[in-house]
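These numbers come from a predicted model, not from an experiment.
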Amino acid sequence: MTATIIDGKAIAERIRAQIAEEVEARVEAGFPRPGLATVLVGDNPASQIYVRMKHKACEQVGIRSFGRVLPATASQEEVEAVVEELNADPAVHGILVQLPLPPGLDEERVLGRIRLEKDVDGFHPLNIGRLAQKGREPLFVPCTPAGIMVLLEEAGVALEGARAVVLGRSNIVGMPVALLLLRRNATVTVCHSRTRDLPAVVREADVLIAAVGRPEMVRGDWVKPGAVVIDVGVNRVEDPTAKKGYRLVGDVAFDEVKEVAGALTPVPGGVGPMTIAMLLKNTLRAAKLAD
Ligand code: NDP
């Protein structure tokens with residue numbers, strides 16, 4: 001069996017084109033152009049790349065972007081003051097604080113400062129709390145988990161009653177995606193570094209979400225034949241034949257798993273592009289909330 005490849009890049013492109021169209025229609029109708037502000041603290045090279053990618057993506061769909069950069073030595077008060085300034089700025093509809101923050105800063109306090117209506121990353125403690133409660137609706141859902149749910153929908157995966165296994169329990173991917181799957185009536189198991197006999201647990205999954213950050217950890221014989229596998233991992237592995245000296249692989253051994261799974265996302269070109277598309281979508285929504 002060879003898995004259907006879920007083309008996140010193509011799906012994300014379609015979503016971005018829809019967003020671009022909607023943004024232009026809004027502006028033509030006299031509404032303000034949506035605006036996203038990023039807050040980058042310190043000089044983590046990966047964070048700098050992510051922030052640059054987000055600004056570029058905004059530009060491509062006609063969303064304004066504002067970048068605030070603070071040194072790694074910035075105090076808690078200074079970071080929170082920048083968030084407050086952006087909260088008060090009517091041209092800024094969405095605020096994204098790039099994580100992780102440098103050591104010594106209280107992430108939860110910073111995220112808690114973002115106005116709920118501008119929390120396009122969905123990490124405000126109240127939004128996460130609502131996600132975890134039955135009958136409550138968060139204003140925004142975190143972008144990577146939201147993107148995963150769109151991929152599952154696009155692939156026509158029936159979640160109700162399905163056995164879903166989430167590998168990883170981080171605040172930004174594993175836990176929120178587990179909550180979203182539960183909301184769609186899947187039966188969810190969340191695995192982590194202390195899970196016993198991981199391959200046996202994973203083998204029960206009709207739907208597997210791998211978000212561990214371990215290159216190609218999920219092997220072909222861990223996967224139930226026909227399962228749907230979403231690979232969130234982005235890992236650099238050395239490759240002397242590659243131009244940059246490395247290549248990107250997921251948390252799933254792609255070549256093995258594609259022979260067993262029913263559907264599978266590639267890395268790159270799976271979850272990654274969806275994360276950015278969801279950020280743009282949330283920013284457009286935040287602009288509409290402000291109308
Ligand atoms: P974290 O490091 O925050 O969390 C990793 C999780 O995996 C933890 O819950 C950890 O368990 C668990 N884990 C680690 N090692 C093992 C193991 N050997 N067996 C079982 N569980 C294990 O990572 P993130 O959630 O931030 O990211 C996960 C991956 O997704 C990374 O590769 C990251 O680059 C990628 N990512 C991709 C995005 C995208 O847009 N494509 C966005 C965000 C992340 P424990 O809790 O016990 O420590």
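At least one donor-acceptor pair under 3.5 Å links the side chain of Thr265 to the backbone N or O of Asp231. Judged purely by atom type and a 3.5 angstrom limit, Asp206 uses its side chain to pair as donor or acceptor with the backbone of Arg163. Side-chain atoms of Asp251 do not come within 3.5 Å of backbone N or O of Met217 as any donor-acceptor pair. Under a 3.5 Å cut-off, the side chain of Glu78 and the backbone N or O of Ser75 do form a donor-acceptor pair. Side chain of Asn185 to backbone of Glu160: no donor-acceptor contact under 3.5 angstrom is found. Remark: the backbone N or O of Gln133 is paired with a side-chain donor or acceptor of Arg183 at under 3.5 angstrom. Looking at Arg219, its side chain does come within 3.5 Å of a backbone N or O of Glu216 through a donor-acceptor pair. A distance-only check finds a donor-acceptor pair linking the side chain of Asn235 to the backbone of Val249 [under 3.5 Å]. Under a 3.5 Å cut-off, the side chain of Arg113 and the backbone N or O of Ala81 do not form any donor-acceptor pair. The backbone N or O of Gly35 sits less than 3.5 Å from a side-chain atom of His93, completing a donor-acceptor pair.
By the 4.5 Å heavy-atom criterion applied to side chains, Phe254 and Leu264 are counted as neighbours. With contacts defined as side-chain heavy-atom distances shorter than 4.5 Å, the pair Val188/Val190 qualifies. The closest side-chain heavy-atom distance from Leu284 to Arg26 is below 4.5 Å.
Legend: residues meeting side chain to side chain donor-acceptor pair (under 3.5 Å) with Asn87, ordered by chain and number and at least two apart, are Glu84.
For the atom pair Arg115 CZ and Asp119 CG, the distance stands at 11.5 Å (nearest 0.5 Å). Rounding to the nearest 0.5 Å places NZ of Lys9 at 9.0 Å from CZ of Arg16. For the atom pair Leu167 CG and Leu198 CG, the distance stands at 5.0 Å (nearest 0.5 Å). Taking CD1 from Ile6 and CD1 from Ile11, the interatomic distance works out to 7.0 Å, rounded to the nearest 0.5 Å. Taking CD1 of Ile230 as the reference point, atom CD1 of Ile209 lies at 5.0 Å (rounded to 0.5 Å). To the nearest 0.5 angstrom, Cys58 atom SG is 11.5 Å from Arg64 atom CZ.
Applying the side-chain hydrogen bond (donor to acceptor under 3.5 Å, both in side chains) definition to pairs two or more places apart or across chains, those involving residues 31-41 are Glu24-Arg33, Thr38-His55.
With a 4.5 Å cut-off between side-chain heavy atoms of Ile, Leu, Val, Met, Phe, Trp and Tyr, the cluster of Val234 takes in Tyr246, Leu248.
A salt bridge links Glu154 with Arg14: at least one charged nitrogen is closer than 4.0 Å to a carboxylate oxygen. The pair Glu85-Arg68 meets the salt-bridge criterion, with a side-chain N (NZ, NE, NH1 or NH2) lying under 4.0 Å from an Asp/Glu carboxylate O. A salt bridge links Arg109 and Glu80; the closest N-O separation between the charged side-chain nitrogens and carboxylate oxygens is under 4.0 Å.
Glu22 and Gln18 form no side-chain donor-acceptor contact under 3.5 Å, judged by distance and modelled atom types alone.
Of the options Leu40, Asp121, Leu86, a side chain to side chain contact (heavy atoms under 4.5 Å, CB included) to Leu96 is made by Asp121 and by none of the others.
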Does the pair Lys244 and Asp239 meet the rule for a salt bridge (Lys or Arg N to Asp or Glu O under 4.0 Å), with working shown?
CA-CA 8 Å; Lys244 291 179 179 159; Asp239 182 354; over 6 Å; no
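Cluster annotation: Met175 and Val207 are assigned to distinct hydrophobic clusters (Ile/Leu/Val/Met/Phe/Trp/Tyr, side-chain heavy-atom contacts under 4.5 Å, transitive).
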